[in-house]
Number of protein chains: 2
Amino acid sequence: MDIRHADRIADALEELIFTAEFEDNARLDEVRLAERFAVSRTPVREALQRLVASGIAIQIPRRGVFVRQPGPVELLEMFEVMAELEASCGRLAALRISTADIARLETANENCLSAIDAGDSDAYYRENEAFHHLIYKASGNGFLEQEALRLHRRLKPYRRLQLRLHGRMSQSMQEHQRILSALRDGKSDRAATALRDHVAVQGEKFHRLLANLKPAAE
Amino acid sequence: MDIRHADRIADALEELIFTAEFEDNARLDEVRLAERFAVSRTPVREALQRLVASGIAIQIPRRGVFVRQPGPVELLEMFEVMAELEASCGRLAALRISTADIARLETANENCLSAIDAGDSDAYYRENEAFHHLIYKASGNGFLEQEALRLHRRLKPYRRLQLRLHGRMSQSMQEHQRILSALRDGKSDRAATALRDHVAVQGEKFHRLLANLKPAAE
DNA sequence: GTCAACGATTTTGTATACAATACATTCGAG
DNA sequence: CTCGAATGTATTGTATACAAAATCGTTGAC
């Protein structure tokens, strides 16, 4: 084992929480986790601190740390912020993007199309992600890129749920085209709006999904 | 001592780094810090982890953790993201703000004016901060509010430097008026643009400040 | 004189031991 | 029977001890 146990455990715990292995508000027992990972409490505690710092768990002093799955409201809020962040990336990218990066975006887009034709939704997911990550980078703002990546990653488990809804993919590709054309033309406002709407659709889908789950609840 | 040592030390270290007590790339020696705070290495290590998680320091495995002051480029990037985040807050707030919150903004604004008249720049700083925090909250998006607060806080030490530049305050108040009127009218795009420009000015000032500091350096 | 390899020292990472606080159960008073 | 206090137990927070890795210095070969 050439890697720090604390890091390994933090990654493992994050994965376990994202895959809903631990339910919301579950206490993350230090000694149980220590036994489970066959280490002492020390690296477990460091891993827990990392989870708390990243917001997927909360710590109540002298009580322990507890899983904190975002509720429906917070998820919608996070999707909304994602849309705003991507809009910002688009706004800046329209002013700064290089021809090389435009070419890369076009390639990713074509790969998306190929994946749709092949019916390979995993490949579509991957190439779609590449498309968006390229836009983050093309913003020319490394800090913004990192923040966008961070939230994107955090929302990943929830995005997977809604990908395979009926005619979404082809509509999504049209939106990609609009984004691309705005970037090519250097129209920052158009690029921002196109990206915001494109991402916001995911929030809408999610909203509808929730509404269907709990028809008249609360 | 009824508070966790780790938390106290983390706050203290953060403050020390923000006030440039530790210079960039300085190693944060666990045992020295432990002696300094009169505790063992354990709570010091937890504090360091928190610094690393918040990006104020970086950790090189088996080497230690080192202060990581953002360089000029990254600072400009952070100011740019701050401008974008506030623009997003303004966009959403224009759609959702309550009359009560508008009244609160007006109050904060009046307090800003009073502070200027009184020549009390500390009070101005405080009320200006309140104005912006109110807008974050008025976005109606708690997650966005937290993210904005986080970055705002992170940029705080750098904002203090440039506050007392010549005629900035009165210009700033005019911008606040424009923001307020856009919010009152529910014009989301206008509010977003007004806020983006308002905040971006700080980045510009900072840019100029840097250019003056190192006229032809590197 | 330079460079490399080996050993000593320092420092991080982990394990364990101890302290202090919170929780639960039980016992007793009303 | 219900509520509350007290003690016992469990769990977090901190200190210390140990292990492993990296840095530094020295020594020796070329």
Exercise. Is it true that B/Asp101 and B/Arg104 have a side-chain N and a carboxylate O under 4.0 angstrom from each other?
Worked result: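 Yes.
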Exercise. Would you call B/Glu147-B/Arg150 a salt bridge at under 4.0 Å N-O?
Worked result: yes
Of the candidate nucleotides [options], which contains the atom at the shortest distance from the side chain of [X]?
| X | options | answer |
| --- | --- | --- |
| B/Thr42 | C/dT12, D/dG13, D/dA15 | D/dA15 |
| A/Ser40 | D/dT23, C/dG13, C/dA15 | C/dA15 |
| B/Arg63 | C/dT12, D/dT14, D/dA22 | D/dA22 |

Does [X] have a side-chain nitrogen or oxygen under 4.0 Å from the phosphate oxygens OP1 or OP2 of [N]?
| X | N | answer |
| --- | --- | --- |
| A/Arg45 | D/dG13 | yes |
| A/Gln59 | D/dG13 | yes |
| A/Gln49 | D/dT12 | no |

For this session: Can you measure from CG (A/Asp7) to CZ (A/Arg50) and round to the nearest 0.5 angstrom?
Result: 5.0 Å
Problem set entry | Closest-nucleotide 5' rank along DNA chain C - winner of A/Pro61 and A/Ala6 | A/Ala6
Within this structure, what is the [atom1]-to-[atom2] distance between [X] and [N], rounded to whole angstrom?
| X | N | atom1 | atom2 | result |
| --- | --- | --- | --- | --- |
| A/Arg41 | C/dT16 | CZ | P | 12 Å |
| B/Leu28 | C/dG13 | CG | P | 13 Å |
| A/Leu33 | C/dT14 | CG | C1' | 16 Å |
| A/Arg4 | D/dA20 | CZ | P | 17 Å |
| B/Arg27 | C/dT11 | CZ | C1' | 7 Å |
| A/Glu30 | C/dA15 | CD | C1' | 14 Å |
| B/Asp7 | D/dT12 | CG | P | 15 Å |
| A/Glu46 | C/dA15 | CD | P | 11 Å |

Exercise. For the residue pair B/His133 and B/His152, does the interplanar ring angle fall in the parallel (under 30°), tilted (30 to 60°) or perpendicular (over 60°) class?
Worked result: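 Rings of B/His133 and B/His152: perpendicular, as their planes differ by over 60°.
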Exercise. Using a cut-off of 4.0 Å on non-hydrogen atoms, how would the nucleic acid contact of A/Val39 be classed: base, sugar-phosphate, or nothing?
Worked result: sugar-phosphate
For this session: Go through the side-chain N and O atoms of A/Gln146 and A/Tyr136 and say whether any donor and acceptor fall under 3.5 Å apart.
Result: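 Side chains of A/Gln146 and A/Tyr136: no pair found under 3.5 Å.
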